[in-house]
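Take a look at the structure set out below.
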Amino acid sequence: VLDIYGPSSAAAFSELNTSTLASKAIDNSLQTAGDACYRSAQGSNTWWRLQSTSSNTIRIVRITPLPDDTALNEMDGFSVYVGDATTNFGRDNTQCGSSWAKPSSGSVSMIEVDCGSKLTGKYVYIVAASRATASLSLCEVQFFDDCLGADASLSSSSNDETIADSGQTTLTCSASGCPVPSIEWVG
């Protein structure tokens, strides 16, 4: 399993809600209370983006949303895109999986978007649905490669080994021997 977290400058956003920063979605914290999450303004072209300096392979994007019915309703219909384009709010990249649909009942504590195959790119965009009331509430965004497939574990086992920790990027390789690409984040 590959978890990638970049520095604050690696995350960007379409609009800033003055009480939150885009980097809160990649701060390596699964907290959902208080100001621990990134919350966008509402709008039809709302997006959140993570940028790296080189292409990376991504299979699964896991999102810890703000566990609030209003926030989840506003996130309904968001899409994830991976690629090298910055045009059209990231929509010119390859879509990862399908647009997310909020379940009609029950709570949502984790959203997993399986790309279906490995996608490669410097940018990962999370784009809100094209409607005036859409917004994004991202408490944490995690990226996984294909080594464990869609069943990648959320928790690390005692057999996992951290193979690089530069203070900005931590790469973890599981005991199953997953490959670890070289990642350098924009600083």
Side-chain angles (χ1 to χ4, degrees), residues 1-30 35-41 43-66 75 78-97 99-100 111-130 134-147 152 162-172 178-187:
V1 176
L2 174 66
D3 292 319
I4 305 168
Y5 302 99
S8 298
S9 60
F13 45 84
S14 54
E15 291 184 50
L16 178 65
N17 179 327
T18 57
S19 65
T20 64
L21 299 173
S23 61
K24 289 188 177 198
I26 55 167
D27 63 1
N28 202 14
S29 169
L30 296 176
D35 65 350
C37 305
Y38 163 71
R39 180 92 191 244
S40 75
S44 60
N45 291 318
T46 299
W47 54 265
W48 177 92
R49 176 183 79 198
L50 185 65
Q51 173 186 356
S52 76
T53 58
S54 60
S55 289
N56 301 292
T57 300
I58 295 177
R59 166 70 188 263
I60 296 168
V61 178
R62 274 210 182 110
I63 299 168
T64 302
L66 190 63
M75 284 184 62
F78 80 83
S79 299
V80 176
Y81 298 89
V82 177
D84 294 327
T86 58
T87 54
N88 195 22
F89 312 107
R91 292 184 184 107
D92 289 339
N93 294 308
T94 303
Q95 185 170 349
C96 174
S99 297
W100 181 72
I111 300 168
E112 184 174 280
V113 180
D114 186 343
C115 299
S117 63
K118 294 179 180 183
L119 299 180
T120 303
K122 294 190 324 184
Y123 300 99
V124 177
Y125 277 86
I126 299 175
V127 182
S130 294
S135 71
L136 299 171
S137 298
L138 312 173
C139 297
E140 190 65 21
V141 181
Q142 299 171 302
F143 309 96
F144 298 86
D145 67 2
D146 193 32
C147 72
T162 300
I163 62 168
D165 186 354
S166 67
Q168 294 182 352
T169 304
T170 301
L171 304 177
T172 304
C178 65
V180 179
S182 175
I183 308 292
E184 181 183 350
W185 293 102
V186 173

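Excluded from the calculations below are hydrogen atoms, water molecules and symmetry mates; all remaining heavy atoms, backbone and side chain alike, are included.
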Going by side chain to side chain contact (heavy atoms under 4.5 Å, CB included), name the residues that satisfy it together with S130, two or more places apart in sequence or in a different chain.
R91

With T94, which residues qualify under side chain to side chain contact (heavy atoms under 4.5 Å, CB included), at least two apart?
L119

Donor-acceptor under 3.5 Å (D84 side chain, G121 main chain):
no

Spell out, as yes or no, whether a donor-acceptor pair under 3.5 Å connects the side chain of E140 to the backbone of N28.
yes

side-chain contact (heavy atoms from CB on, under 4.5 Å) for Y125 and T86? Distances and angles first, verdict last.
CA-CA 9 Å; Y125 277 86; T86 58; 3.6 Å; yes

Just so I know, are the side chains of S137 and R39 near enough to count as touching, which here means a heavy-atom distance under 4.5 Å?
yes

When you compare the side chain of I111 with that of F78, does any pair of heavy atoms fall below 4.5 Å?
yes

State which residues pass side-chain hydrogen bond (donor to acceptor under 3.5 Å, both in side chains) with [X]; sequence neighbours excluded, sorted by chain then number.
X   : answer
Y81 : none
N88 : D92
T64 : none
S44 : none

Give me the atom names and distance for the closest heavy-atom approach of [X] to [Y].
X   : Y    : result
A85 : Y123 : O-CD1, 4.0 Å
C96 : D114 : SG-C, 4.1 Å
V82 : N93  : O-CB, 3.3 Å
W48 : L138 : CG-CD1, 3.6 Å
P65 : I63  : CD-O, 3.3 Å

Quick one, V141 with L50, criterion side-chain contact (heavy atoms from CB on, under 4.5 Å). Give me CA distance, side-chain angles, the key distance, then yes/no.
CA-CA 10 Å; V141 181; L50 185 65; over 6 Å; no

